[in-house]
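As the structure is a computational prediction, the values presented were derived from the model and not from experiment. Just so we're on the same page: letters track the sequence lines, and every chain starts at 1.
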2 protein chains.
Amino acid sequence: MAATLKDIAREVGVSVTTVSRALAGYNDVAANTKERIQETAVRLGYSPNITARRLQKQRTDTLGFIMPTFGPRFSDPFFSEFIAGIGNQAAAHKYDLLVSTHAPDSEGERQAYLQAAKRGWVDGLIVVRTREDDARIQLLCQHDFPFVAFGRTSNECAFPYVDEDSAAGMRLLVQHFVDLGHERIGLIAPPSGLMFGHYRLQSFYNTMAENNLPVQPDWIVTGDMTQRGGAEAVAALLALDPLPTAIIGGNDLMAIGAINQIQQHGLRVGQDIAVGGFDDIPLSAYMTPPLTTIHQPIYEIGQQTCAMLIDVINGRSPQDPHTLLTPTLIIRESSGTATIQMEGGERIQSN
Amino acid sequence: MAATLKDIAREVGVSVTTVSRALAGYNDVAANTKERIQETAVRLGYSPNITARRLQKQRTDTLGFIMPTFGPRFSDPFFSEFIAGIGNQAAAHKYDLLVSTHAPDSEGERQAYLQAAKRGWVDGLIVVRTREDDARIQLLCQHDFPFVAFGRTSNECAFPYVDEDSAAGMRLLVQHFVDLGHERIGLIAPPSGLMFGHYRLQSFYNTMAENNLPVQPDWIVTGDMTQRGGAEAVAALLALDPLPTAIIGGNDLMAIGAINQIQQHGLRVGQDIAVGGFDDIPLSAYMTPPLTTIHQPIYEIGQQTCAMLIDVINGRSPQDPHTLLTPTLIIRESSGTATIQMEGGERIQSN
DNA sequence: TCCATCATCCGAAACGTTTTGGATGATTTT
DNA sequence: AAAATCATCCAAAACGTTTCGGATGATGGA
């Protein structure tokens, strides 16, 4: 149906080789033949068969991204923004983006990574939500398959990554609350096993300790990164006596779920209980009260991760392929600066 | 590097053809040769080269999805859920999913569809957020390229689609408010040109008319489908005198933005002003107050659209490839049933 | 004994591209 | 006039797979 090089060659009365070289811009084709070839190509609506080209070039010009989704029904705004970031960057470098979804640590996920690591599916992979002792990363390292991760891991193998400095982010947030006079701070932690959760948890303990504040085990609960998870997890915190005066959500979604529950309990967020989150998803500014949170430039992270992967694929890996992004604290009303500040706390500004 | 059919053939001492046929399960290969071939394939870690297979079979086993994104920074939870829906369905049928992002109606988008319509990139496309007189659909129809749309359009060409019955959804919502006693209802409409916005707008007018309620032109404003857009657009409504007593957001994101602004103005949502949305994104249940909205089963829509596309690609197109999903009304506190109901309004239940 | 049938195998072509390593004349240089 | 250079072209191989149309030899029936 669609025109091929052979069709053009026949039409112009020249060999397939010449057509190929003319269209590719080589200079060993006479100006006027080149012109005739180009004219015919346009007339016939020629467009190269990408599959054939890929077979010949032994590369797919395609990047892979396997979304870790919890359950079929899911909707984390993180991913649409992240995909937009890698997608646009990929397109800018003439790469396609192949997306598939699998439950984290499932057999299906393992299979997907295994298939990807075999030659011919994609040229490289982007890995997100790294886990402690991450089986995916181990597998890719073993197969020497090009990939870049968003997030670090505890595996020993060296690999390129982009990561946000979770520890710094948590420190900003905890210190913000401590400076406002809070001493009992609850944490809705991400599920254990997630690397960034690990960093955040550690940093939570550390920052509290630096301020000579004790941490009750009861103050730490775990949620599954969804609003529902946040709402469910915060119940345990609201049952404590004395109540925590501040609660940190492991991500904005959980913080939003927590806010909802706190308000259902008749407590005022930002006055009775301060709340903070992580991510600065677009919605966080439109909560009532607006959510204090740690800003993550998700789109840019996607771009950088993708750009680094393309470098790796083309052998242009930089000497230190590790980017650690410094997060910023976005102070909004949910941390209650308006009220508590008057009691003598000093306001911390981010930059 | 990776093993090919030829490697196995050499190892076993048999032809490439035989290896291919043995592995494909044909019955013209002796049982014991088949066994030796399989054993060797495993030992060599053989996995077929997908590109070569695609070239030979003249199909890519890949579906395409071009996300219409407004601006680089964007994050509509709709898309992560929708992608999960089509992605899982595609995987179930051994299809890959190619994703790219383009601004709606941009030249880049046109190019992307043009390239896709040429043979060899993907086997079929999924089109979302259909527009009135949709250039993408026109182009695909012209090229006779397989696709399924989520949403209808005003183009005359016939094509398969899945759509939600926007008119019915809007009717449910408006009638709900009317039944609660509201007469001045504001609408933050989706940008003009979007087909579902068109249906919703028409249905808004119709339902108001059916209830013998006038509609002031001032009551209709337009937002860009983001929280920010909703917040900005609602300002015009809040400047009216008399104020609308109910406001409908063209989607949940805009409704949430509107709620935020209404509360900033010192008005109580659900008491002073009722608010409704569209989509029932997971977050809508966790607003304060929780958002009354029209539920869209986005994940299922993704699945159905994808399943239909696969049917179309394989020539199994059903006689009537048009699915219209009936939406349901989810009543929550933002429509103020708790208070206004006491004034005599009758409560409408969804099912 | 001869022919048909059957089980098993394989050569070659095909998919559409890129690339290698020249070939062919014409033009320039010596 | 011979040799070197140059511009232009192309045949064939290669990428790895599937499939078409037999080929081969063994087995069965007549």
Side-chain angles (χ1 to χ4, degrees), chain A residues 1-41 44-62 94 96 115 117-123, chain B residues 1-38 40-41 44-62 94 96 115-123:
Chain A
M1 189 93 320
T4 72
L5 287 185
K6 205 193 288 186
D7 296 329
I8 302 178
R10 185 171 349 97
E11 191 90 356
V12 180
V14 88
S15 82
V16 170
T17 307
T18 305
V19 177
S20 174
R21 297 186 73 84
L23 261 22
Y26 284 77
N27 62 354
D28 63 351
V29 181
N32 99 72
T33 14
K34 181 181 291 191
E35 201 170 313
R36 274 190 305 148
I37 288 172
Q38 281 164 342
E39 182 269 325
T40 315
L44 263 46
Y46 170 76
S47 100
N49 182 310
I50 309 171
T51 309
R53 178 178 291 175
R54 284 177 179 168
L55 177 58
Q56 152 68 26
K57 294 227 168 173
Q58 290 293 88
R59 50 183 298 166
T60 64
D61 289 322
T62 301
K94 307 252 178 237
D96 285 335
Q115 178 187 8
K118 306 278 186 168
R119 175 200 43 179
W121 198 56
V122 294
D123 291 341
Chain B
M1 191 91 319
T4 71
L5 287 185
K6 204 192 287 185
D7 296 328
I8 301 179
R10 188 174 341 101
E11 192 90 358
V12 180
V14 87
S15 82
V16 170
T17 305
T18 305
V19 177
S20 174
R21 296 185 73 85
L23 261 24
Y26 284 77
N27 63 352
D28 62 352
V29 181
N32 97 71
T33 12
K34 182 183 288 190
E35 202 170 312
R36 275 190 304 149
I37 288 172
Q38 281 164 343
T40 315
L44 264 45
Y46 171 77
S47 100
N49 181 308
I50 310 172
T51 309
R53 178 177 290 176
R54 285 176 179 167
L55 178 59
Q56 152 68 27
K57 294 228 165 167
Q58 290 294 86
R59 49 185 299 167
T60 64
D61 288 324
T62 302
K94 307 251 178 237
D96 285 335
Q115 178 187 6
K118 307 278 186 167
R119 176 199 44 181
W121 197 57
V122 295
D123 290 341

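- For B:Asp61 and D:dT17, the CG to P distance is 16 Å, given to the nearest whole Å.
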Could you go through A:Asp61 and A:Asp123, starting from their C-alpha distance and side-chain angles, then the distance that decides it, and tell me whether this counts as side-chain contact (heavy atoms from CB on, under 4.5 Å)? CA-CA 6 Å; A:Asp61 289 322; A:Asp123 291 341; 4.2 Å; yes

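- If you find the closest nucleotide of DNA chain C to B:Gly13 and to A:Tyr46, the one lying nearer the 5' end belongs to B:Gly13.
- B:Asp96 and B:Arg54 are joined by a salt bridge, as a carboxylate oxygen and a charged side-chain nitrogen come within less than 4.0 angstrom of each other.
- A:Arg36 has its side chain within reach of A:Thr33: a pair of non-hydrogen atoms, C-beta onward, lies under 4.5 Å apart.
- With D:dT19, C:dG11, C:dT17 as the choices, the nucleotide that has an atom nearest any side-chain atom of A:Val16 turns out to be C:dT17.
- Within the nucleic acid shown, A:Arg54 has no heavy atom closer than 4.0 Å to any nucleic acid atom.
- Nucleotide C:dA13 holds its P atom 22 Å from the NZ atom of B:Lys57, rounded to whole Å.
- One finds a side-chain N or O of B:Arg53 lying less than 4.0 angstrom from the OP1 or OP2 phosphate oxygen of D:dT18.
- Side-chain atoms of A:Thr4 and A:Asn49, non-hydrogen and from C-beta on, never get closer than 4.5 Å to each other.
- Near DNA chain D, meaning a heavy atom under 4.0 Å away, the residues from residues 25-34 of chain A are A:Asp28, A:Val29, A:Ala30, A:Thr33.
- Rounded to whole angstrom, the span from the CD1 atom of A:Ile8 across to the P atom of C:dG16 amounts to 13 Å.
- Distances shown here put a side-chain N or O of A:Thr18 below 4.0 Å from the OP1 or OP2 atom of D:dC10.
- When the nucleotides C:dT17, C:dC15, C:dC10 are ranked by their closest atom to the side chain of A:Thr4, C:dT17 comes out on top.
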Walk me through it: do B:Ile8 and B:Ile37 pass the test side-chain contact (heavy atoms from CB on, under 4.5 Å)? CA-CA 7 Å; B:Ile8 301 179; B:Ile37 288 172; 4.2 Å; yes

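- Residue A:Ile50 contributes atom CD1, which lies 17 Å from atom C1' of D:dC15 at whole-angstrom precision.
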Would you be so kind as to tabulate the donor-acceptor pairs closer than 3.5 Å made by side chains of residues 20-30 of chain A, with sequence neighbours excluded?
from: A:Arg21; atom 1: NE; to: A:Asp28; atom 2: OD1; distance (Å): 3.3
from: A:Arg21; atom 1: NE; to: A:Asp28; atom 2: OD2; distance (Å): 3.1

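- Taking the side chain as every heavy atom from C-beta outward, A:Lys34 and A:Thr18 never approach each other to under 4.5 Å.
- For B:Gln58, counting side-chain heavy atoms from C-beta on, the closest listed nucleotide (C:dC15, D:dC20, D:dG16) is C:dC15.
- Rounding to whole angstrom units, CZ of residue A:Arg59 and P of D:dG16 are separated by 16 Å.
- As a whole-Å value, the separation of A:Lys6 NZ from D:dA12 C1' is 14 Å.
- The nucleotide whose nearest atom lies closest to any side-chain atom of A:Leu5 is, among C:dC10, C:dT17, D:dC15, C:dT17.
- A close approach under 4.0 Å does occur between a side-chain nitrogen or oxygen of B:Ser20 and OP1 or OP2 of D:dT18.
- Distance CD (A:Gln56) to C1' (C:dC15): 13 Å, rounded to an integer number of Å.
- B:Leu55 has its CG atom 17 Å from the P atom of D:dA14, to the nearest Å.
- Legend: residues meeting side chain to side chain donor-acceptor pair (under 3.5 Å) with B:Arg10, ordered by chain and number and at least two apart, are B:Asp7.
- Listed pair A:Thr17 / D:dC10 fails the phosphate criterion, with no side-chain N or O lying under 4.0 Å from OP1 or OP2.
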